[in-house]
Amino acid sequence: MTRFTIAAAQYPIDLLDGWDAYVAKLTIWVEQAAAGGAGLAVFPEYGAMELASLDPVTMGDLAGSIETVSALLPRVDALHAELAARHGLHILAASAPRKDADGRFRNAARLFAPNGRSVTQDKLVMTRFEREQWGIVGGTAIKLIDTALGKLAILICYDSEFPLLARAAVEAGAQVLLVPSCTDSLHGYWRVRLGAQARALEGQCYAVQAPTVGDAEWSPAVDVNRGAAAIYGPPDRGMPEDGVLAIGIEGAAQWVVAEVDTALVADLRADGGVLNALHWAEQPGAAPLPQLEVVSLS
């Protein structure tokens, strides 16, 4: 399969009145993506933080919110796996803090395939608020994920602003870069957007941004959320002139949908108007690439 539809979420952070409310919300979102023909649905960074509202005792406390959401991850993942199988699509679940055996938290995005398999990509480079306020630490390697849809990689928010991470995935064959994001200002949104578009340009591939949106005054973690979802490609033959295949209305809760064709990625890398992916190594001082791990969901 080279052609498939991607749905990128502009996902609102809601005050949930119970687990069943979360199940109902996520089910509706996935049903809508599936009804639109999506083969891949992409949820944002830290969208799972709305689950902190399920514990009124800790929901107003940052550390307590992080602990609550982490503890719920097994149930959250089981729900996503079931929805992926039921609707026959791949789902990148909203990332969440995960408490590991070393007692530290990592920002984990999980990709679920309809065949029941899944893979986790940890964020690698932490922002200031993650380092200084949340106590989140980075993962160790970028992953190339081989799926029935093609070869994907996940660059969680800030990771998209660091070219070598994407480059490691591109050199391994990545055709689509998934960029779930969570930003509390338009400055932050534009940083991630420009990073995603630059990575699409450099790698001659697709990049998909999916942000949290709306206000959640009850949350010390994700109280303000700004951004617009989009699917980007390199501005070259067969792509839009500005590289924007689809983009949402900033701040609105919605799916943003576009069809992509990974055969076009291969074509542009071989014979595009420019050959950014091929010519990368010609940069003076091109650095060694980060560690990469190859995994399969096929």
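As the structure is a prediction and not an experimental result, all values here were calculated from the model.
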Sequence neighbours excluded, which residues qualify as side-chain hydrogen bond (donor to acceptor under 3.5 Å, both in side chains) partners of [X]?
| X | value |
| --- | --- |
| Ser296 | none |
| Glu161 | none |
| Gln32 | none |

- Task: Please write out which residues are connected to Leu164 in a hydrophobic cluster, directly or through intermediates, given that two of Ile, Leu, Val, Met, Phe, Trp, Tyr count as joined at side-chain heavy-atom separations below 4.5 angstrom.
- Result: Trp280, Leu289
- Message: Which Ile, Leu, Val, Met, Phe, Trp or Tyr residues join Leu201 in one cluster when any pair of side-chain heavy atoms under 4.5 Å counts as a link?
- Response: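 Members besides Leu201: none; it forms no cluster.
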Looking at residues at least two apart in the chain, or sitting in another chain, which of them share a side-chain contact (heavy atoms from CB on, under 4.5 Å) with [X]?
| X | answer |
| --- | --- |
| Leu144 | Lys151, Ala172, Ala174, Leu292, Val294 |
| Ala229 | Ala8, Gln10, Pro211, Val256 |
| Ser70 | Lys99, Phe105 |

- Hey, are Glu202 and Arg167 close enough for a salt bridge, meaning a charged N less than 4.0 Å from a carboxylate O?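 No, no charged N to carboxylate O under 4.0 Å.
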Can you name the ring-ring contact (aromatic ring centres under 6.0 Å, His included) partners of [X], sequence neighbours left out?
| X | answer |
| --- | --- |
| Tyr158 | Phe162 |
| Tyr189 | none |
| Tyr206 | none |
| Trp19 | Tyr22 |

- Whether over 12 other heavy atoms sit under 6.0 Å from Leu194 CG: yes
- Answer with yes or no whether the side chains of Tyr232 and Arg193 bring together a donor and an acceptor at under 3.5 Å. yes
